[in-house]
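Structure first, then comments.
None of these values were measured; they are calculated from a predicted model. Naming convention: chains lettered A, B, ... in sequence-line order (proteins, then strands); numbering from 1 in each chain.
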Amino acid sequence: MNKKFYNRDAEIVARDLLGNVLVREINGNKLRARIVETEAYYGDDDPASRACQNGDLRKTMLMRSGVILVYGIHNNWMLNFVTGRKGKARAVLIRAVEPLNFSEKCNGPGLLTRALKIGKEFHKHDITNHKEMIVVGSKRKNFDIGKSFRIGVKKDLPKKLRFYIKGNKHISRK
DNA sequence: AGGAAGATCTACT
DNA sequence: GTAGATCTTCCTA
């Protein structure tokens with residue numbers, strides 16, 4: 001997926017990311033995983049996002065779209081992509097993926113980063129131009145998209161910002 | 001320097 | 001269903 005793909009509102013990118021394939025290359029081995037669950041995060045006026053505070057996370061969310069943002073919480077790393085126009089503070093969280101050519105469980109944001117060995121090293125790197133991790137488009141998009149409120153957040157916005165592939169067995173929750 | 005909060009996961013009841 | 005582990009980041013003094 002090119003930069004133009006990410007250069008839209010977080011909600012749109014989150015929805016369009018479903019079904020695409022995340023390719024993680026480790027020592028020449030390619031692990032492929034289909035994205036099945038995402039969430040959109042905003043900076044300003046989003047009480048769930050730490051980017052509504054000052055700090056490195058907010059700064060990163062203000063960077064150009066396509067930047068990888070890795071956020072650590074409770075001994076887990078969260079994988080995000082910065083979206084929207086520069087200066088907008090928006091990002092999409094990858095909450096769950098479906099393993100295609102390996103077997104570790106990826107039905108949760110912390111689990112997938114562990115299975116794919118994604119850590120702080122990727123913070124601020126570029127997902128549209130990276131040797132070890134990219135997202136490739138998929139034509140197989142004949143599925144229904146489900147919507148819900150975000151999971152695990154203390155204070156959510158009054159809007160459904162979580163998207164998932166309906167009926168998929170690898171989403172973190174129904 | 002210290003502390004609290006946080007977008008989680010696992011295990012046990 | 002509930003509790004506890006465990007770590008990074010940000011805020012305050």
Side-chain angles (χ1 to χ4, degrees), chain A residues 6 8-20 22 24 31 33-84 87-99 102-127 132-133 135 145-166 168-174:
Chain A
Y6 297 96
R8 297 174 294 165
D9 194 83
E11 203 178 332
I12 311 288
V13 177
R15 209 181 51 215
D16 280 3
L17 228 31
L18 293 177
N20 288 347
L22 183 66
R24 167 76 166 103
L31 297 178
R34 191 165 177 236
I35 299 171
V36 297
E37 184 179 345
T38 59
E39 279 178 4
Y41 280 85
Y42 292 79
D44 308 307
D45 304 322
D46 187 349
S49 170
R50 273 219 204 155
C52 63
Q53 309 171 30
N54 280 325
D56 181 65
L57 218 147
R58 182 189 177 81
K59 256 188 267 169
T60 309
M61 275 179 86
L62 286 168
M63 289 171 76
R64 67 191 183 284
S65 53
V67 168
I68 300 166
L69 187 156
V70 179
Y71 171 41
I73 185 170
H74 287 102
N75 201 20
N76 287 287
W77 296 110
M78 310 282 119
L79 175 63
N80 299 256
F81 302 135
V82 175
T83 75
K88 282 289 190 179
R90 285 172 186 178
V92 172
L93 163 70
I94 310 300
R95 273 200 65 85
V97 297
E98 172 184 351
F102 60 103
S103 59
E104 279 151 277
K105 296 280 175 243
C106 293
N107 55 326
L111 293 176
L112 76 92
T113 52
R114 206 176 303 174
L116 297 173
K117 299 194 173 24
I118 297 166
K120 195 91 205 291
E121 319 85 65
F122 285 94
H123 192 52
K124 291 184 182 176
H125 286 214
D126 191 340
I127 189 62
E132 299 176 343
M133 181 166 66
V135 177
I145 294 176
K147 266 179 155 185
S148 83
F149 292 102
R150 293 178 293 187
I151 290 177
V153 299
K154 207 170 170 188
K155 292 198 167 185
D156 203 354
L157 290 169
K159 205 174 180 189
K160 298 190 175 178
L161 291 172
R162 168 176 172 251
F163 305 90
Y164 57 94
I165 295 181
K166 253 186 198 172
N168 189 282
K169 294 188 175 78
H170 300 270
I171 58 178
S172 62
R173 287 212 220 163
K174 298 192 175 164

- prompt: Can you name the salt bridge (Lys or Arg N to Asp or Glu O under 4.0 Å) partners of A/Arg150, sequence neighbours left out?
  reply: A/Asp46, A/Asp156
query: Starting at the 5' end of DNA chain C, what dot-bracket string do you get if Watson-Crick and G-U pairs under 3.5 Å are bracketed, crossing pairs use [ ], other-strand pairs use | and unpaired bases use dots?
result: |||||.||||||.
- prompt: Whole Å only: how far is the CZ atom of A/Arg90 from the C1' atom of B/dA7?
  reply: 18 Å
- request: List for me each residue that meets ring pair (Phe, Tyr, Trp, His ring centres under 6.0 Å) alongside A/Phe81, sequence neighbours excluded, and say none if there are none.
  value: A/Tyr6
field: With sequence neighbours excluded, residues passing salt bridge (Lys or Arg N to Asp or Glu O under 4.0 Å) with A/Arg15
entry: none
message: Has A/Glu39 got a side-chain atom pairing as donor or acceptor with A/Arg95's backbone, closer than 3.5 angstrom?
response: no
message: Suppose we screen for ring pair (Phe, Tyr, Trp, His ring centres under 6.0 Å). Which residues come up paired with A/His74, at least two apart in sequence or across chains?
response: none
- request: Can you establish whether the number of heavy atoms outside A/Lys124 located under 6.0 Å from its atom NZ is more than 12?
  value: yes
message: Applying side chain to side chain donor-acceptor pair (under 3.5 Å), can you list everything that pairs with A/Lys159, at least two apart in sequence or on another chain?
response: A/Glu11
Any donor-acceptor N/O pair, A/Ser49 side chain to A/Tyr42 backbone, under 3.5 Å: yes
query: Listed in order of residue number, which residues of residues 106-114 of chain A have a non-hydrogen atom at under 4.0 Å from DNA chain C?
result: none
- request: Scan residues 153-162 of chain A against DNA chain C and write down, sorted by residue number, each residue with any heavy atom closer than 4.0 Å; if none is found, say none.
  value: none
statement: side chain to side chain donor-acceptor pair (under 3.5 Å) filter on A/Arg162, not counting sequence neighbours, yields A/Glu37, A/Ser148
Between P of C/dC10 and CE of A/Met61, the distance in whole Å: 13 Å
task: Check whether any side-chain nitrogen or oxygen of A/Arg58 sits under 4.0 Å from OP1 or OP2 of C/dC10, and answer yes or no.
output: no
- line: Residues at least two apart in sequence or cross-chain that pass salt bridge (Lys or Arg N to Asp or Glu O under 4.0 Å) with A/Lys117, listed by chain then number, are none
message: If the test is side chain to side chain contact (heavy atoms under 4.5 Å, CB included), which one of A/Asp56, A/Leu62, A/Leu57 qualifies with A/Thr60?
response: A/Asp56
- prompt: B/dG6 P sits how many Å from A/Gln53 CD, rounded?
  reply: 8 Å
task: Kindly write out the residues that satisfy salt bridge (Lys or Arg N to Asp or Glu O under 4.0 Å) with A/Arg114, not counting sequence neighbours, or none if the list is empty.
output: none
field: Salt-bridge present (A/Asp44, A/Arg58; N to O < 4.0 Å)
entry: yes
message: Strictly under 4.0 angstrom, non-hydrogen atoms only: write out the protein contact profile of nucleotides 1-9 of chain C, one letter per nucleotide from the 5' end, B, S or -.
response: ----BSBSB
